[in-house]
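Here's the structure, in C-alpha cells; my notes come after.
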Amino acid sequence: MHSSSFDIPNELEAREHTVRARELSLEVADFGEAQESGLEAREFNFDAGEQNVKAKERHIEAGEQNIEALNILTPVLNPEEIYQDYHLELDGQICDEYGQFLDPDTPPPPFITREHGDWTLFCDRTEFETAQFLYTKNQMSGGDIDTHMYLWGRTLANHRDTPPFTDHKDLYSTINAIPLGEVAWETSTMKFNEKTPNPSDPGTCAPWMDTPYTAWFRDPHAVVRNMLANPDFRDEMDYTPYREWKGEGDNAKQQWRNVMSGDWAWNQADEIAKDLETHGSTFVPVLLRSDKTMVSVTTGPNDYYPFYTLIGNVHNNVWHAHCNAIAVVRFLAIPKTVKEYVDDAHFHKLKKQLFHSSLSQILRSFKTFMTVPEVVHFGDGHFRHVIYGLGPYITDYPEQVVLSCIVSNWCAKCFAFPTDLDGKDAQLRAQEVMDVLCDNVDFGTLWYQWGVDADIVPFTNDYPHTDIHELISPDILHQLILIKGTFKDHLVVWVKKYLECIHGKTCAKAVMDDIDRRIAAVPSFAGLRRFPQGCGFTQWTGNDSKALMKVYLPAMEGYVPDDVVRCFHAFLEFYDTLKEIKEALDHFHHYHKVFQETGVCFDGFSLPRQHSLMHYTELIRMFGAPNGVCLSIMESKHIKAVSVNAENDNRNIEGSGKADDRSKADDRGEVDDGECKRASTIHALAEELDVPNLPQLVRLFLYDQHLADDKHTSDTVLLTACPRFQGRIKVFGSAAATFFAPSDPSGIGGMQREYICSVPSWRGGPGRYDTVFMNTGSKDGMHGMEVARVLCFFPSIFLCALVHWFKLVFDEPNPGNGMWMVKPSFLDLELNTQELSIIHIDMIIRATHLLPIFSKGCVPQKATFHETLDTYRRFYVNKFADHHSFEIVS
C-alpha cells in the first residue's frame with residue numbers, strides 16, 4: 001500500500017519562538033533569570049552550556065540546597081557552566097599490561113587485527129556461516145542438525161566430499177572452542193547442612209533437607225572484564241568518581257546523573273584510598289539485580305530466578321540501549337517442597353539462607369580484587385588498575401526483605417515502625433547497628449521491636465566496604481510507579497474502593513465501565529499505547545502501567561473528589577530538581593489523605609512501597625539519577641534470558657489462548673493514506689476537504705510569504721492584493737519531525753523522530769488528523785506556543801499545511817491536574833465554521849496529544865477514538881504524554 005511522507009525541513013527562516021528556560025532544560029528552580037531559547041520547528045538543539053542539557057544523560061539537580069564547591073579543579077568562568085571535581089586518589093591512571101603506570105598522553109597499544117580470510121577454528125567462511133545459521137539464527141535442535149548433516153553428506157558422497165560438521169556434537173565443540181565471545185556457563189550444587197527431624201517421622205528428615213539445589217552460573221568477574229574491554233563503551237564510561245556542579249561559590253549546585261557522580265561512589269573511593277597501594281586505580285562498582293519471574297509460554301515449572309550484573313562506570317543511557325551492558329550471570333535455585341512443609345520455619349530459613357549463600361558464592365571471584373588492584377584491559381585500548389566494589393542492589397520489595405534480613409512490612413532502609421511507616425525521623429539502618437543489636441538483644445525483641453531476622457546472615461558480610469542497607473536502591477518499576485507500586489496497586493485500587501463506598505458495588509461497576517470507555521476514547525499518539533478495553537485487565541506489564549498513567553487523570557474526573565485528582569497529579573509530577581521532587585512528594589502525602597477521610601483506607605498508609613518514596617531524594621544523591629538504577633532496564637532481559645528459551649522449548653506446542661487486544665504503541669513510521677487518489681489542484685483539494693474558502697486561504701498565505709513587510713500583512717490588505725496560484729499540488733499524508741528529546745536509550749540529548757499524520761484513512765480505517773504544537777510566539781499561548789490540528793500537508797507551493805486552530809480555555813493550566821485546556825476555534829459556532837489557516841511547516845514544533853474533558857457525561861457505548869477530536873469541545877493538552885512534552889508545556 002502506498003504511503004506518502006516528507007521531512008520537515010531544518011531551516012528556520014521566518015519565525016522564532018521564545019520559551020522560558022524552565023520549559024527547555026533541567027534547570028535549577030527558584031533562582032536566576034529566565035533565559036530565552038529559539039525553538040526551531042523540528043529540532044530542539046539545546047546548547048549544553050546555555051541550557052544545561054547534556055547530550056546523552058539525564059541529570060538531577062539539587063533544588064534549593066546550596067552546596068559549596070570545595071575542590072573544583074577547573075577554573076570557574078561561567079556561572080551557568082557545568083564543572084566536574086574528580087577524585088584525586090582513584091583517578092583511573094593508565095598503565096601497561098604489567099601494571100606500570102604510564103604518562104597520560106601515552107597512546108594505547110595497537111589493535112591486533114586478524115589477517116583477511118582467517119577463519120581460525122573454521123575451515124572457511126562457508127563453515128562459519130553454516131554454524132552461525134544453524135546455531136544462532138535458526139536455533140536448530142541437535143537432532144535436526146544431525147539429520148541435516150546426514151542428508152547433506154549423502155549429496156556430497158558422489159563428489160567424495162563431506163559436510164562441514166559430522167553432527168551436532170561436532171558443531172557444538174567447534175563453537176565452544178572459540179576463544180572469544182560470552183563466558184561459558186557452569187553448574188554448582190548446594191545442600192542444607194542442618195538436619196532437623198521430621199515431625200511426622202522422627203527417624204527421618206524432611207525431604208527438602210536432602211534435596212541438592214543446582215544452579216547454572218557463569219563467572220561474573222570474567223563477564224565484567226568483558227564489559228570493561230568492550231570498545232563500544234570507551235566513550236560512554238567514567239573512569240573515576242566525580243562530583244558535578246553548576247555555578248560557583250555559594251551559588252554552586254550539585255548535580256547527579258550516572259552512578260559515578262553519586263555520593264556513594266565518592267565515599268567508596270575515599271575508603272579504598274586509605275590503602276596507598278590502590279592510588280591511581282579505577283573504581284568499578286558492580287551493580288546487582290535479581291527478579292523472580294514467570295513465563296507463560298512453557299509447560300511444567302515456569303518460574304525462573306535470573307541474577308544480573310552490570311557496571312556503574314557505564315553511563316545510564318548505555319544500560320538502556322546496549323545489549324551487552326547488562327548480563328545474566330546466574331539462575332538462582334528455587335527450593336520447593338510438598339504442601340506439608342510449605343509453612344515450615346526451617347524451610348523458610350533454608351530459602352533465605354540459600355539465597356544469600358548463592359550470592360556470596362558467585363561473587364567470590366571479586367573479593368581479592370576489592371582490596372588488591374588487578375590490571376584490566378579497557379575498551380579504549382589502555383590497561384588500568386581496577387578495584388571492584390559491590391554497588392547498588394536493584395530489586396523489588398519482597399526481595400529487599402530477604403536481602404536486608406528484615407521482617408516483612410518493615411523498611412529495608414530505616415527503623416520506621418510498620419504501623420507508622422510515614423512517621424518522621426526514623427533512624428537509618430546500617431550493618432554496624434544491626435551487628436550490635438544481634439549481639440545484645442534476644443531474638444524475639446529483634447523480630448518484633450526492630451524488625452530484624454537474626455537467623456539470616458547477609459551475603460555482604462563476606463565482602464569489604466559493603467553494607468546491604470546502604471546498597472538497596474530505588475526501584476521505579478515495581479515500587480515507585482509501575483507494576484506493583486504506588487500507581488497500580490494503591491492509587492488505582494483506592495479509586496475503585498472509593499467508588500464502591502460512594503455508589504455501592506453495582507453502580508461502581510457501571511462507573512468503572514465508563515472510565516474504561518473514557519480511556520478507550522483517547523486519541524492516538526505516536527509511541528503511546530492504547531487500551532481499547534480500558535484498564536480492565538489482570539496482567540499488567542511495565543509498558544501498560546506507564547501508558548495508563550499518562551491518560552488516567554481526565555478519565556476519572558467528575559467521579560472522584562478534586563483532592564483525588566490532585567493526589568494523582570502530585571504523584572505524576574516528579575520534576576528534575578530535588579527540591580521539586582520533595583515538594584511533589586509533600587503534595588502527594590497531603591492529598592492522599594482524602595482516601596482515609598472517605599473511608600477507603602481506615603488504618604492509614606503504612607505501606608512499604610509508598611514509604612520507599614521517603615528515601616527517594618537521598619538515594620538519588622547516593623546513586624545518581626533513578627533512570628539508571630531501575631528494574632526497567634533489566635525487565636526486557638527476561639525475554640532473552642528466560643522467555644525466548646522457554647518458547648523454543650515449546651515451539652511444537654500449539655496454543656489456543658485468546659489474543660490480547662491491548663494495542664501496542666502506535667509508533668510506526670509508515671503512513672497509510674489509503675488507495676484513494678488525492679487532489680492535484682487547489683480547487684479539487686477544497687472540494688475533497690470540504691473547505692470552500694481554501695483558494696482564498698492560499699492567496700493570503702502567499703501574500704505573507706512573498707509580499708508581507710513590517711506595515712503590511714494578509715490581515716491588513718484586501719484579498720485582491722494577494723497573488724493567485726493556479727499550479728498543480730501534491731498532497732502528502734504525513735510529515736516527519738526530528739528533534740532532541742529525552743529517552744531511556746539516548747538520554748536528554750537523544751534524537752526523536754515522529755510522524756505527524758493527516759490522512760483520510762489510517763490503516764484501512766477512519767482518517768487520522770494529528771494535533772501539533774505551533775510556534776507562534778503569541779503572548780497569550782502556552783509559553784509562546786499554540787495548538788492546531790493538521791488537516792492536510794501539500795508542500796508544493798511552499799512547505800505548507802492547512803490547520804484548524806485551537807484556543808486556550810483559560811490563561812493558565814488547570815490547578816487540579818496541571819494541564820492546559822484548549823478548545824477548537826470557530827468563526828461561527830452555529831454554522832460550524834472552523835478557524836482555518838495555511839501555515840508554513842516551519843511553525844510546527846512537534847505533535848501534541850489532546851485528552852478530552854469528559855466532565856460528568858458518560859461516553860457512548862459505541863464511541864471510538866477516531867471520533868474523539870471531532871466529538872468533544874474541550875481538551876487537556878497532555879503534558880504527561882512524554883518527557884519532552886512535559887518540559888515544554890509545564
Side-chain angles (χ1 to χ4, degrees), residues 514-535 543-544 546-557 661-668 671-673 733-735 737 754-774 782 786-793 801 803-807 809 814 817 819-825 834 844-855 857-882 884-886 889:
D514 189 57
I515 290 176
D516 286 340
R517 289 194 295 271
R518 291 180 174 189
I519 294 171
V522 169
S524 297
F525 184 71
L528 185 61
R529 179 168 298 205
R530 290 194 57 261
F531 298 92
Q533 305 301 323
C535 61
N543 288 334
D544 292 334
K546 284 187 287 186
L548 193 58
M549 288 168 60
K550 299 172 182 180
V551 301
Y552 197 79
L553 266 179
M556 67 178 179
E557 277 191 336
D661 59 1
R662 276 172 280 165
S663 297
K664 294 186 177 180
D666 191 12
D667 58 359
R668 295 194 311 180
V671 177
D672 174 16
D673 52 3
S734 71
E754 68 180 9
Y755 282 81
I756 301 166
C757 301
S758 179
V759 290
S761 176
W762 173 252
R763 297 183 180 177
R768 172 173 169 177
Y769 301 93
D770 289 344
T771 52
V772 294
F773 286 120
M774 300 292 294
M782 298 171 292
E786 297 184 57
V787 172
R789 189 179 185 189
V790 180
L791 303 182
C792 184
F793 290 108
V803 299
H804 177 201
W805 291 99
F806 282 61
K807 290 185 176 180
V809 177
N814 182 305
N817 56 37
M819 291 187 282
W820 292 88
M821 294 181 287
V822 296
K823 61 182 180 181
S825 180
Q834 300 173 333
I844 297 177
I845 298 171
R846 59 157 300 180
T848 184
H849 190 222
L850 299 186
L851 299 171
I853 299 177
F854 297 100
S855 298
C858 292
V859 177
Q861 294 279 355
K862 296 183 179 180
T864 67
F865 70 95
H866 304 286
E867 307 164 346
T868 301
L869 291 174
D870 297 313
T871 303
Y872 292 88
R873 285 293 177 257
R874 291 193 175 192
F875 300 87
Y876 290 120
V877 178
N878 187 7
K879 68 177 183 179
F880 302 110
D882 56 38
H884 189 259
S885 296
F886 185 87
V889 297

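We number each residue from 1, following the sequence as shown.
- Here the side chain of Trp820 pairs a donor or acceptor atom with the backbone of Val889 at under 3.5 angstrom.
- Looking at Arg517, its side chain does come within 3.5 Å of a backbone N or O of Val859 through a donor-acceptor pair.
- When atom types are taken as modelled, the side chain of Ser734 and the backbone of Cys757 share no donor-acceptor pair closer than 3.5 angstrom.
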- Message: Walk me through whether Asn878 and Leu850 qualify under side chain to side chain contact (heavy atoms under 4.5 Å, CB included).
- Response: CA-CA 6 Å; Asn878 187 7; Leu850 299 186; over 6 Å; no
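- Between the NE2 atom of His884 and the CD atom of Glu754 there is a distance of 9.0 Å, given to the nearest 0.5 Å.
- Phe865 is not listed as a side-chain neighbour of Val522, based on a closest heavy-atom distance of 4.5 Å or more.
- Judged by distance alone, with hydrogens and angles left aside, the side-chain atoms of Thr868 form a donor-acceptor pair with the main-chain N or O of Ala521 at under 3.5 Å.
- By the 4.5 Å heavy-atom criterion applied to side chains, Met774 and Ile844 are counted as neighbours.
- Proximity of a side-chain donor or acceptor of Asn814 to a complementary backbone N or O of Met819 within less than 3.5 Å is not detected.
- Lys823 places no side-chain N or O within 3.5 Å of a backbone atom of Lys807 that could act as its donor or acceptor partner.
- When all heavy atoms of Tyr769 and Leu791 are compared, the closest pair comes out as CE2-O, 3.5 Å.
- Within the 4.5 Å cutoff, the side chain of Phe525 has heavy atoms near those of the Asp882 side chain.
- Ring geometry, Tyr872 versus Phe875: the interplanar angle exceeds 60°, so the pair is classed perpendicular (tilted spans 30 to 60°).
- The two residues Ala520 and Pro532 have their closest heavy-atom pair at CB-O, 3.3 Å.
- The minimum heavy-atom distance between Ser758 and Cys792, with the atom names listed, is OG-N, 3.2 Å.
- The distance from the CD1 atom of Ile756 to the CZ atom of Arg846 is 8.5 Å, given to the nearest 0.5 Å.
- Closest non-hydrogen pair, Ile845 versus Ala737, comes out as O-CB, 4.4 Å.
- Side-chain N or O atoms of Ser825 include none that pairs as donor or acceptor with a backbone N or O of Trp805 at under 3.5 Å.
- Remark: the backbone N or O of Phe880 is not paired with any side-chain donor or acceptor of His849 at under 3.5 angstrom.
- The shortest heavy-atom contact between Ser524 and Arg530 is OG-CD, 3.8 Å.
- Nearest heavy atoms, Ser885 versus Phe773: OG-CE1, 4.4 Å.
- No side-chain donor-acceptor contact under 3.5 Å links Thr771 to the backbone of Arg789.
- Between Asp770 and Tyr755, every side-chain heavy-atom pair lies at or beyond the 4.5 Å cut-off.
- Between Pro824 and His804 there is a side-chain heavy-atom pair separated by less than 4.5 Å.
- Between Arg874 and Met821, the closest side-chain pair of non-hydrogen atoms is not below 4.5 Å.
- The line from OH of Tyr552 to CD1 of Ile519 is 6.0 Å long, rounded to the nearest 0.5 Å.
- Contact check for Asn817 versus Glu557: side-chain heavy atoms found under the 4.5 Å cut-off.
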